[in-house]
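To start, the structure under review is shown below, and the notes come after it.
Atoms within each ligand, like the ligands themselves, are counted from 1 in listed order. Model, not experiment: these values are computed from the prediction.
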Amino acid sequence: MSIAFQATLDYAKQLDKEDKISHLRQEFHIPKDKSGNEWIYMCGNSLGLQPKSTKEYINQELTDWANFGVEGHFEAKNPWMPYHEFLTDSMAKIVGAKPIEVVIMNTLTTNLHLLMVSFYQPTDKKYKIVIESDAFPSDRYAVESQIDFHGYDPKEGLIEWKPREGEELLRMEDLETILDEQGDEIALLLIGGVNYYTGQYLDIKRIAELGHAKDCMVGIDLAHGAGNISPNLHDSGVDFAAWCTYKYLNSGPGSLAGLFIHEKHAYNKDLKKFSGWWSHNKSTRFNMRQDLDIIPGAEGYQLSNPPILSMAAIKASLDMFNDVGMEALREKSEKLTGYFEFLINQIDTDRIKVITPTNPKERGCQLSVQVKNADKSLHKALTDNHIITDWREPDVIRCAPVPMYNSFEDVFRMVEKLKTLL
Ligand SMILES: *Cc1c(COP(=O)(O)O)cnc(C)c1O
């Protein structure tokens with residue numbers, strides 16, 4: 001960062017004054033302690049805060065259900081039949097996709113499985129899957145169970161892309177080496193676009209090029225990327241992606257997830273797929289006695305009619321993202337996280353190390369702070385002081401200052417407290 005930051009509360013407040021999107025904070029419920037002081041919430045990487053508008057959006061659907069019953073599918077203010085379509089354009093914009101490539105449905109791990117039905121077609125020669133060694137457990141279990149389901153041994157079929165000895169971050173050269181050595185046996189790369197543990201944002205376009213050069217399918221888990229970084233999914237050329245909407249997309253606990261399949265696969269009728277009535281051509285769906293006529297693109301992956309109340313919460317959030325735009329969010333995010341990093345580096349101790357990349361282009365908003373000789377009690381002390389971060393064994397505190405609702409003052413106060421607790 002070329003900006004000369006200062007480590008004072010006045011300076012942090014000055015940055016908040018200059019922040020063009022600081023008004024967005026007021027559009028969220030910020031949890032408060034008993035005396036009415038706002039918590040310092042740095043856990044949007046786990047569960048984003050609730051927009052004040054969410055209640056209205058959900059109430060609208062409850063009201064229409066009360067007034068119209070089943071007729072709400074057509075008569076509701078936002079008719080339920082095409083409700084998911086109201087989310088597609090904004091969602092596609094956030095991840096850099098075309099509308100035909102994106103749909104909101106199911107939950108993340110379910111979507112990964114449905115996508116692997118299409119994009120993991122192992123043969124005895126080519127059956128291995130590459131993941132990051134520090135992949136999120138759900139992704140690992142999903143991949144292992146797919147390998148096993150197809151009759152192969154996960155111990156042989158799962159390849160881990162690991163950081164080098166003594167390092168925390170992944171190097172692209174090491175993925176190249178894996179592909180050079182075993183590419184002929186690898187069917188799929190399934191990689192976290194932003195790693196949940198280190199916060200490293202990988203070059204997904206490069207990963208797609210490397211994988212495709214060896215005839216592998218390439219999928220990206222964007223759980224920590226969607227609403228945080230701008231992944232340009234379409235241009236990256238990856239075959240598929242999936243993400244949840246309850247982290248940076250502020251859509252509520254367990255809310256529905258996103259799915260992307262690249263346009264190049266949209267019209268491929270030979271692609272294996274699991275189907276349900278919602279996969280079927282919308283204009284003839286209710287004729288009921290027809291052979292399956294799959295919708296092209298991402299919508300063809302839908303199985304069921306979706307939960308509208310969850311979609312209403314997603315709509316509330318995506319409308320906010322649509323209004324402000326990812327560009328303004330990213331601009332603030334780089335500065336906010338840059339300031340956070342600057343303050344942490346000012347702490348006079350050798351116990352602390354930020355393991356997230358220092359280059360703003362290789363990270364989103366999260367910093368993963370490694371604390372030597374710490375145990376979970378440090379995280380508990382922060383929480384007791386209403387500073388909400390999240391702890392990952394053995395010694396890492398993950399902190400995500402989110403540009404939509406966190407302030408420069410938040411990060412200043414957080415680091416002051418961390419200093420005292422150390
Ligand atoms: C949060 C997260 C999940 C959670 O999966 P669900 O199916 O939504 O419970 C999975 N993978 C990654 C990488 C995550 O960050």
Task: Taking every non-hydrogen atom, the tightest pair across I229 and G364 - done: CG2-CA, 3.6 Å
Task: Greater than 12 external heavy atoms within 6.0 Å of W391's CH2 - done: yes
TODO: Applying ring-ring contact (aromatic ring centres under 6.0 Å, His included), name anything that partners F340, two or more places apart in sequence or on another chain.
DONE: none
Task: With sequence neighbours excluded, residues passing ring-ring contact (aromatic ring centres under 6.0 Å, His included) with W39 - done: H386
Task: I220 vs P231 side-chain heavy atoms within contact, under 4.5 Å - done: no
Kindly print each ligand 1 N/O atom paired with any protein N/O atom under 3.5 angstrom away, one pair per line, or none if nothing qualifies.
unit_1: ligand 1; atom_1: 5 (O); unit_2: T109; atom_2: OG1; d: 3.3
unit_1: ligand 1; atom_1: 7 (O); unit_2: T109; atom_2: N; d: 2.9
unit_1: ligand 1; atom_1: 7 (O); unit_2: T109; atom_2: OG1; d: 2.6
unit_1: ligand 1; atom_1: 8 (O); unit_2: Y246; atom_2: OH; d: 2.6
unit_1: ligand 1; atom_1: 11 (N); unit_2: D139; atom_2: OD1; d: 2.6
unit_1: ligand 1; atom_1: 11 (N); unit_2: D221; atom_2: OD2; d: 3.3
unit_1: ligand 1; atom_1: 15 (O); unit_2: H224; atom_2: NE2; d: 3.0
unit_1: ligand 1; atom_1: 15 (O); unit_2: K247; atom_2: NZ; d: 2.5

Open item on the list: The criterion is side-chain contact (heavy atoms from CB on, under 4.5 Å); which residues satisfy it with S145, sequence neighbours excluded?
Closed with: H113
